[in-house]
Amino acid sequence: MLNYLLRRVLYAIPILLGVNLLTFALFFMVNTPDDMARIHLGVKRVTPEAIARWKSEHGYDKPLFLNEKVEGAARVTDTLFVDKSLKLFVFDFGASDDGRDIAREIKTRMGPSLAIALPTFFVGLLSYISFALLLTFFRGTSLDAGGVILCVALMSISGLFYVIGGQYLMGKLWHWFPISGWQPGGDAWKFLAMPVVVSLVAGIGDSTRFYRALFLEEMGKDYVRTARAKGLSDVRVLFRHVLGNAMIPILTGVVVVLPRLFLGSLIIESFFGIPGLGSYTIDAIQSQDFAIVRSMVFLGSFLYIIGLMLTDVSYTLADPRVRLE
Amino acid sequence: MIPVLLWSDALLFLLLAGVFILVWAMRHRDWLRDPWRQVMKSRVGQGSALILAAFFAIGLLDSLHYRERLPDVPGKPAQYSGEVLSALDWLATPLRERVEKTYSAPLATHLYAKETLKGTDGVERRDYPPLKYPGTHLLGTDKVGQDVLYLSLKSIRTGLLIGALTTLVMLPLALGLGIAAGYFGGRVDDVIQYVYTTLNSIPGVLLIAAAVLVVQVQVEAHAALFDTAAARADVRLLALCAIMGLTGWTGLARLLRGEVLKLRELEFVQAARAFGVRPLRILARHLLPNVMHLVLITVVLDFSGLVLAEAVLSYVGVGVDPAMNSFGNMINGARLELAREPVVWWQLAAAFVFMFVLVLAANLFADKVRDALDPRAGGKT
Amino acid sequence: MSALTLTDLRVEINVEGRCLAPVDGVSLAIGRDECVALLGESGCGKSMTALALMRLLPEGARVASGVLELEGESLFTLPEAAMRDVRGGRLAMIFQEPQTSLNPVMTVGQQIAETLAVHRPEADASAVGRELLEAVGLPTERLDAYPFQLSGGQRQRALIAMMLAGEPEVLIADEPTTALDVTVQAQILKLLKALQQSRGMGLLLITHDLDVAGDMADRVAVMYAGQIVEWAGRASLYAQPHHPYTQKLFAVLPRLERRGQRLDSLPGRVPAPDAVIVGCRFAERCPRVFERCRNEAPELLETAPGHAVRCHLFSPPSPSGGGAGGEGATPAQAFTLYLPSLPHPSPPPEGEGVVLRLTDLAVHFPLRQGLLRRTVGHFKAVDGVSLTVNQGETLALVGESGCGKTTLARAVLRLIEPTGGSVAMGGEALENLSGEALRRKRREMQIVFQDPYSSLNPRMKVGTILEEGLLALLPELDRAARNARIAQLLDQVGLPADALQRYPHEFSGGQRQRIAIARALAVEPKLLILDEPTSALDVSVQAQILNLLADIQAARGLSYLFITHNLPVVGYLAHRVAVMRGGRIVEEGDVETVLTRPVSDYTRLLLESAPGRGLTGVSS
């Protein structure tokens with residue numbers, strides 16, 4: 001097991017390196033620092049001097065891979081690639097293009113992101129699985145058929161509709177919650193409730209249908225017939241046997257996204273004015289702050305790889321075939 | 001007038017021709033034909049196919065582009081308008097040209113906001129000014145007075161293109177890499193798996209955002225290459241599709257890899273190998289036809305997701321060109337108007353309803369296709 | 001007094017709006033302390049009957065009519081909640097596939113405890129669990145094992161333990177040993193028989209194997225097309241099968257004694273479930289059919305005490321009179337077992353040339369472990385095998401699953417690269433060949449696989465399938481020559497000419513196997529490797545394929561490497577036999593010697609385990 005995890009860690013390094021090279025290529029080779037400077041300076045103020053000044057202020061005035069001007073090891077270390085890309089490996093994100101420390105921003109913004117993402121994730125998982133179990137239990141009846149149609153309809157609605165509709169109904173019309181905003185401390189729930197509810201509703205159709213299909217596939221297997229031949233009730237077959245086995249595919253899909261909850265949701269945070277990492281990212285995209293985008297790409301990949309490892313660990317908990325090998 | 005062929009038009013017609021050739025070639029293959037018959041036997045299948053066909057017809061009409069000839073000035077060569085129009089524009093000329101001053105509710109006779117009017121008696125009052133074309137705007141008008149129905153119809157092409165062109169980019173990658181990884185195994189498999197794990201590890205929206213930002217910068221840097229606004233919007237759309245295709249192939253590739261791993265051990269593949277049939281021929285004759293059902297199911301299922309994704313990406317600011325008609329841009333432009341009193345709801349509602357109908361039809365159709373093609377899912381949904 | 005009686009069961013399935021009846025009027029009785037075998041070929045409705053008894057029919061199927069009584073209590077009318085107390089308690093069932101019938105994420109102990117919790121809540125789960133494992137011959141520490149840690153036979157034992165936990169009065173066993181090796185099958189059968197006798201249980205054994213039924217059953221019901229056609233005590237049935245179908249089942253079995261004889265065969269196929277049949281369901285295939293059979297459905301009538309048969313040969317003259325009896329209606333005639341004695345067309349092997357010679361052939365798969373996946377050892381699938389196959393001869397390679405026989409076949413064909421030794425075809429070693437030279441050699445040997453369903457590409461028409469080898473190996477043939485050769489092949493394997501334009505799914509298992517044989521023959525090989533070519537087929541179809549193989553060998557002087565686990569087939573067909581175990585050949589010799597005077601213990605064990613010998617030499 002330890003060996004296996006070590007192998008995964010070793011495997012993670014080339015992947016992160018790949019991500020790093022890819023983003024570096026996109027942001028420094030396809031797009032040059034000159035292009036960046038031009039965007040930030042605006043059309044009117046573009047002069048060669050202004051570009052040079054902007055680049056040196058933001059640390060973009062070094063060569064990409066090889067610095068001819070310095071001696072020794074610094075030839076390869078005092079370069080954009082090391083400065084802007086490799087340093088991400090030690091979580092040295094540097095400063096954003098507007099001069100703020102990215103690492104500090106990430107630390108302060110993680111909290112609000114998690115405050116929304118965690119309840120959404122866990123309440124969602126629990127309720128979607130419950131709905132799916134309910135539909136599976138009543139499979140073949142009109143309740144099941146109606147439920148499936150409802151799911152397809154719900155998943156055909158744009159996510160933006162849920163957000164806008166939720167804000168309009170719960171915020172503007174019924175005055176249940178503030179339409180948007182954030183406030184730390186005891187009153188935070190007022191601002192959290194609506195984004196969480198909206199995200200939950202938006203995910204119902206897709207997830208319920210997916211889990212139902214998983215359960216139905218398990219229901220058709222031979223061991224279910226054996227369990228029923230033993231005289232077990234449908235409820236017990238469903239919970240003990242079907243759910244137990246379906247946990248294995250469920251875990252693959254679920255655990256891998258767990259670490260990424262840190263990054264928050266772009267749409268939800270931006271619509272509801274939550275100062276989390278999602279809105280941070282979206283602001284960075286809209287203001288074309290490449291330093292932040294690069295950092296978030298790296299962080300996202302890093303968290304995904306953690307997620308992959310967690311998936312392996314969770315497999316060993318859910319599946320004795322993996323645990324005992 | 002002179003015809004204009006945008007890159008996206010060309011690709012769309014190419015795709016259409018490809019589909020026709022495929023259908024023609026496959027008409028004698030029972031295993032491909034029968035499932036579609038089964039789909040078309042059910043009411044839901046017929047209904048959703050009809051709706052999809054209607055949407056596609058509108059999208060195709062909107063892809064026949066031309067530029068109008070300006071009135072001749074004697075002694076000068078013929079001049080053409082900078083505005084690119086389409087067959088749909090021509091058919092919907094009344095809708096297009098009946099422009100009001102600003103918002104008006106569906107089928108309203110007066111504008112949405114009061115203005116200071118001078119009556120026939122010369123007295124100034126605050127009242128709702130009458131519309132130039134009262135009662136003709138089925139879905140109302142937007143901020144600059146354009147007919148919302150017209151905007152919605154124009155947005156259909158964008159949604160379809162995103163779905164279709166992304167698939168066009170994604171499909172060869174997924175097919176080639178997925179099947180190769182599964183069949184050849186070993187080093188080939190390692191490399192392909194590495195590539196798709198790496199691509200998968202980057203949060204999708206961020207990768208798309210990064211790539212679109214880069215393209216945007218490049219387009220601005222080479223503005224001279226794109227003479228009309230339509231051409232600029234078009235290249236951005238193509239870039240978006242290309243990027244979504246380049247990032248979107250991993251799911252299908254992984255699915256195909258798994259299936260091919262199973263298939264390559266099957267006896268009919270072994271029998272072909274015992275005849276010394278070459279690997280490429282085995283891939284094409286034995287493996288590809290046996291994973292076609294998975295490919296079709298995934299393509300149809302993904303289509304609706306792509307239409308929905310367009311709206312979200314446009315909101316984030318990395319979708320299609322802001323000047324282009326699209327559901328995302330319609331929603332984006334209208335969502336702030338919900339704060340007004342009274343509420344301006346019609347533009348949002350139109351975008352959502354059009355999207356809902358398109359996506360629902362695609363989803364229902366996908367369901368039927370899956371039931372017909374996937375022996376495992378038989379009768380489950 | 002019977003423990004379980006079933007009267008006039010009819011099961012209906014709705015398929016696309018049509019109502020089919022895969023089980024139509026089945027009556028059975030199982031006494032306390034009795035084993036009844038329900039015997040029939042695939043698709044006859046026997047599994048459906050068993051599931052109906054448990055009220056576990058798949059969705060879409062239902063019991064349309066019939067009465068089921070367990071010790072006098074009517075089961076079909078019980079509410080579902082009450083039926084749950086019966087299911088797994090008084091009436092239990094074990095299934096065919098031990099690989100998939102157990103829940104993979106629960107231990108054996110947990111799965112036994114579940115049954116106990118429902119049916120014997122007062123019992124101490126771990127104590128009873130250990131008792132049960134002992135009863136089925138598993139070590140008690142296996143209580144904590146997960147199914148994946150058990151072998152196929154052990155899983156079947158665990159499943160039996162689970163089903164015994166409710167102390168059933170009647171146990172239904174649906175093909176419990178079909179997926180197991182012969183030696184394991186013998187052990188499980190012996191165990192079932194012992195448990196049935198020691199516990200005073202009724203046992204309903206569902207099987208397709210005449211020999212298994214003969215070893216196990218007190219009474220046998222033969223099923224055909226959803227009906228019971230013969231119902232008799234074992235001794236009576238095996239001494240004198242009455243129904244022409246039952247007689248055919250006996251006649252088609254390959255045996256050592258039948259060497260040199262052409263096997264009897266059963267033409268046609270079981271009528272489709274939606275076919276409308278007025279008269280006898282077997283009439284279309286019956287060698288003794290007469291007019292009445294086509295007009296009037298026969299009843300199941302007792303001809304002697306305890307021996308009932310559904311056949312007009314034994315029916316009293318019809319009350320309407322017209323055409324009653326017919327020319328073959330005297331029962332005495334029916335009692336003679338119809339035994340064919342056609343000359344076997346295959347000439348004895350002349351042994352002139354060696355076609356295939358294997359020298360120390362080895363296929364080792366590396367086992368990797370640790371951080372860097374270092375090779376820590378090898379799994380020796382084939383470990384130094386030397387064999388020869390002479391021209392015109394059939395060499396049988398016998399062994400159980402995992403002995404390496406299939407790996408050997410693939411290594412010979414170079415579908416897997418051998419790790420050592422040499423394969424020589426017609427005197428030329430293959431391991432140094434590549435490219436065009438290897439391609440030419442491939443013409444000389446071809447293979448026919450076990451599973452007729454996965455051996456034909458479902459997306460290709462039969463014509464394309466047959467053409468593939470010609471295109472790859474004989475590119476010099478033009479289209480006309482190819483077509484001529486394919487037409488000739490179709491004729492030789494007994495398929496209609498219009499088969500070329502159809503897809504494989506339109507054919508039955510036996511027909512598919514004919515297509516696979518034709519595909520292999522297309523390139524005119526000298527050696528045909530037959531990898532269990534008949535083990536997925538019903539016995540009546542098996543007989544047709546074996547006859548076909550004999551004809552082809554006689555006509556073309558072909559050599560066969562016949563891989564199988566089925567000793568009676570070996571005895572019937574092979575000239576020489578090699579017994580394989582753990583990647584090595586443990587015994588080799590001519591068939592008569594090996595099968596009658598084996599030298600190795602393993603061969604002796606295989607022979608003793610083969611069904612039809614009364615399970616005498618087997619330890620459970």
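Order of the sequence lines sets the chain letters (A, B, ...), proteins ahead of strands, with each chain counted from 1.
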Applying side-chain contact (heavy atoms from CB on, under 4.5 Å), run through Ser158(A) and Phe352(B) and close with a yes or a no.
CA-CA 7 Å; Ser158(A) 167; Phe352(B) 281 132; 3.9 Å; yes
Which atoms of Arg294(A) approach chain B - backbone, side chain, both or neither, heavy atom under 4.5 Å
neither
Where do Phe298(A) and Ile202(B) land on the side-chain contact (heavy atoms from CB on, under 4.5 Å) test, with the steps shown first?
CA-CA 7 Å; Phe298(A) 182 80; Ile202(B) 304 175; over 6 Å; no
Tell me, yes or no, whether the heavy-atom count around Arg236(B) atom CZ, taken from other residues, nucleotides or ligands under 6.0 Å, exceeds 12.
yes
Non-hydrogen atoms of chain B under 4.5 Å away: do they reach the side chain of Thr281(A), the backbone, both or neither?
side chain
So, do Phe271(A) and Tyr315(B) have ring centers that fall under 6.0 Å from each other?
yes
When the 4.5 angstrom heavy-atom criterion is applied to Phe161(A) and chain B, the contacting part is both
By a 4.5 Å heavy-atom criterion (distance strictly below it), what part of Val307(B) contacts chain A: side chain, backbone, both, or neither?
neither
Distance, nearest 0.5 Å, that separates OG of Ser156(A) from CG of Leu308(B):
7.5 Å
Honestly, the part of Leu16(A) sitting under 4.5 Å from a heavy atom of chain B is neither
Tell me, for Leu348(B) versus chain A, whether the close heavy atoms (under 4.5 Å) come from the side chain, the backbone, both or neither.
side chain
Chain A interface, residue from Val212(B), Val353(B), Leu364(B), Val343(B) that has the most non-hydrogen pairs under 4.5 Å:
Val343(B)
Per-residue contact mode, Leu266(A) against chain B (heavy atom under 4.5 angstrom)
side chain
Give the intermediate values and the outcome of side-chain contact (heavy atoms from CB on, under 4.5 Å) for residues Val19(A) and Leu199(B).
CA-CA 8 Å; Val19(A) 170; Leu199(B) 276 179; over 6 Å; no
Take Met155(A) and Leu360(B) through the test side-chain contact (heavy atoms from CB on, under 4.5 Å) and record every step on the way to the result.
CA-CA 8 Å; Met155(A) 64 189 263; Leu360(B) 184 65; over 6 Å; no
What are the two closest heavy atoms between Asn200(B) and Arg260(A), and how far apart are they?
O-NH2, 3.6 Å
Just by distance, do the side chain of Tyr304(A) and the backbone of Thr197(B) share a donor-acceptor pair under 3.5 Å?
no
So which part of Val318(B) gets closer than 4.5 Å to some heavy atom of chain A, the side chain, the backbone, both or neither?
side chain
Within this structure, what is the OG-CG distance for the pair Ser301(A) and Leu207(B), rounded to the nearest 0.5 Å?
9.0 Å
As an exercise: rank Thr198(B), Val214(B), Asn363(B) by heavy-atom pairs under 4.5 Å with chain A and give me the winner.
Val214(B)
Please rank Gly307(A), Ser270(A), Gly165(A), Ala145(A) by heavy-atom pairs under 4.5 Å with chain B and give me the top one.
Ser270(A)
Gap between atom CG of Leu206(B) and atom CD1 of Ile282(A) - 0.5 Å precision
10.0 Å
Within a reach of under 6.0 Å around CZ of Phe210(A), are more than 12 heavy atoms found that belong to other residues, nucleotides or ligands?
no
Cut-off 4.5 Å, heavy atoms of chain A, and the answer for Ile331(B) is side chain
Kindly give the heavy-atom pair with the smallest separation between Leu26(A) and Ala210(B), and that separation in Å.
CD1-CB, 4.3 Å
Could you tell me which portion of Phe290(A) (side chain, backbone, both or neither) has an atom closer than 4.5 angstrom to a non-hydrogen atom of chain B?
side chain
Over all heavy atoms of both residues, which pair between Leu160(A) and Val312(B) is shortest? Give the atoms and the distance, please.
CD1-N, 4.2 Å
Measuring heavy-atom distances to chain B, does Leu308(A) have an atom under 4.5 Å in its side chain, in its backbone, in both, or in neither?
side chain
Count the heavy atoms of every other residue, nucleotide or ligand shown that sit under 6.0 Å from NZ of Lys143(B), and state whether that count exceeds 12.
no
Spatial distance of atom CD1 (Ile164(A)) from atom CH2 (Trp345(B)) [nearest 0.5 Å]:
15.0 Å
Chain B contact via Leu22(A) - which portion, at a heavy-atom distance below 4.5 Å
side chain
